[in-house]
J.: 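This is the structure, below, for whatever I ask next.
For the single chain, residues carry numbers from 1 onward in sequence order.
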Amino acid sequence: MTPLEQFNRNILGAEKYLEMYYELRKLKKLGRRGALDATNRYLLWLPRATVVSAVGALDAYIHDILALHIPRLLADASTQISESLATLLGRVISTKKREDVQDMLRFIRSTTGPQSLAHEVRESVCRFESYQAPAKVVGALKVLGIQDVLADAAGRWQGPQTTRDNIAMRLDRYVKRRNQIAHEADLDTHGEPRAISPNYAWDCKEFIKALVERIDPSVQ
């Protein structure tokens, strides 16, 4: 399964939370639209789950792209790796001490050296990173030699509010809201739940889906 195929499965999962939201409204005879009273306001955690899941799908996609392409770059002797990838490798292999040199030789002498080194990068560095915020997404794909993937995406995006800065600002807002939901129970400074609607969650999911569709040609 390609990273894009896996992403499409993940983003479909984000939609399911909204389907559950509307189904529960129907079962509780609340209608499809309209404000919820205090007794039923807990249903709004389903749109919140869509936001968290959609942003998570982007994060997983970037991880999958790096896992796919870093071994290829390391194995291709004709390819000059990017400065970002060199920096990433430096976090795994240093030559400051004798033990570091021995570790480096372990990769060089291995018949599967590039694959082993890529695995070490993934397990020791990448899996601890979060690729959601605009700068993190751009920085991750610089490893593959793509200087500004959001600028690339903007070039493929038609319509208003689709400049590189527009895309970055919108992604940043959704990521911040995801963090508020995941880390702060989506409460404001007064301890009250922030307002959210299923339309907001749908827009977030659709934006993330459209963004990845426009990023993907850059990484093929």
Side-chain angles (χ1 to χ4, degrees), residues 1-11 54-157 163-165 167-169 171-172 174-175 178-179 208-220:
M1 185 181 302
T2 68
L4 184 59
E5 288 170 341
Q6 182 61 58
F7 169 80
N8 286 332
R9 289 192 176 191
N10 293 344
I11 208 71
V55 174
L58 169 63
D59 186 35
Y61 169 79
I62 301 297
H63 276 276
D64 288 346
I65 285 295
L66 294 178
L68 176 66
H69 287 291
I70 288 176
R72 295 177 179 178
L73 290 171
L74 296 180
D76 186 356
S78 66
T79 299
Q80 184 175 358
I81 65 172
S82 68
E83 183 178 342
S84 294
L85 179 52
T87 301
L88 197 60
L89 295 176
R91 294 174 63 181
V92 175
I93 299 178
S94 174
T95 56
K96 293 180 179 179
K97 297 183 290 187
R98 185 182 66 182
E99 294 82 1
D100 297 332
V101 175
Q102 290 172 339
D103 281 342
M104 182 177 65
L105 287 174
R106 176 168 57 88
F107 293 113
I108 293 173
R109 290 169 174 168
S110 170
T111 56
T112 59
Q115 291 78 16
S116 298
L117 182 52
H119 175 79
E120 190 70 21
V121 168
R122 183 171 70 250
E123 292 302 307
S124 299
V125 182
C126 292
R127 77 187 184 98
F128 299 106
E129 297 289 340
S130 174
Y131 302 120
Q132 301 175 357
K136 287 285 190 176
V137 171
V138 170
L141 295 186
K142 278 187 177 181
V143 169
L144 307 186
I146 301 167
Q147 287 307 302
D148 190 339
V149 75
L150 293 186
D152 292 351
R156 301 185 182 101
W157 212 320
T163 67
R164 195 265 185 212
D165 287 345
I167 293 167
M169 286 188 292
L171 176 58
D172 186 61
Y174 284 133
V175 171
R178 176 264 173 205
N179 292 340
I208 296 293
K209 182 179 179 182
L211 176 60
V212 169
E213 287 171 350
R214 287 160 177 80
I215 285 175
D216 200 66
S218 293
V219 298
Q220 295 309 309

J.: Report yes or no: does His69 contribute a side-chain atom to a donor-acceptor pair with the main-chain N or O of Leu144 at less than 3.5 Å?
T.: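 No, because the side chain of His69 does not come within donor-acceptor range (under 3.5 Å) of the backbone of Leu144.
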J.: Run the side chain to side chain contact (heavy atoms under 4.5 Å, CB included) test on Val175 and Asn179 for me, step by step, so that the C-alpha distance in whole Å, both residues' side-chain angles and the decisive distance to 0.1 Å come before the verdict.
T.: CA-CA 6 Å; Val175 171; Asn179 292 340; 4.0 Å; yes
J.: Let me confirm one number: the CZ-CD1 distance from Phe7 to Ile65, rounded to the nearest 0.5 Å.
T.: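 Interatomic distance, Phe7 CZ to Ile65 CD1, rounded to 0.5 Å: 11.0 Å.
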J.: Could you grab the distance from atom NZ of Lys142 to atom CG of Leu88, nearest 0.5 Å is fine?
T.: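 Going from NZ on Lys142 over to CG on Leu88, the span is 14.0 Å.
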J.: Evaluate whether atom CD of Glu123 has more than 12 neighbouring non-hydrogen atoms of other residues, nucleotides or ligands under 6.0 angstrom away.
T.: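 Correct, the count exceeds 12.
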J.: Going from OG1 on Thr2 to CG on Asp64, what distance comes out if it is rounded to the nearest 0.5 angstrom?
T.: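 Answer rounded to 0.5 Å: 9.0 Å.
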J.: Could you go through Asn10 and Leu58, starting from their C-alpha distance and side-chain angles, then the distance that decides it, and tell me whether this counts as side chain to side chain contact (heavy atoms under 4.5 Å, CB included)?
T.: CA-CA 9 Å; Asn10 293 344; Leu58 169 63; over 6 Å; no
J.: So, are Glu5 and Arg9 salt-bridged, with charged N and O less than 4.0 Å apart?
T.: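 Judged by the 4.0 Å cut-off on N to carboxylate O distance, Glu5 and Arg9 do not form a salt bridge.
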J.: Could you tell me if Asp216 and Tyr61 have a donor-acceptor pair between their side chains, going purely by distance under 3.5 Å?
T.: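 Checked: Tyr61/Asp216 side chains pair up, N/O donor to acceptor below 3.5 Å.
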J.: Nearest 0.5 angstrom please: Asp152 CG to Arg214 CZ, how far?
T.: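 Going from CG on Asp152 over to CZ on Arg214, the span is 13.0 Å.
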J.: About how many Å separate NE2 of His63 and CZ of Arg122, when rounded to the nearest 0.5 Å?
T.: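 Between Arg122 CZ and His63 NE2, I get 11.0 Å after rounding to 0.5 Å.
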J.: With rounding to the nearest 0.5 Å, note down the distance linking CD1 in Ile215 to CG in Leu141.
T.: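 Interatomic distance, Ile215 CD1 to Leu141 CG, rounded to 0.5 Å: 6.5 Å.
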J.: Could you please spell out the steps behind the side chain to side chain contact (heavy atoms under 4.5 Å, CB included) verdict for Leu211 and Leu150?
T.: CA-CA 9 Å; Leu211 176 60; Leu150 293 186; 4.0 Å; yes
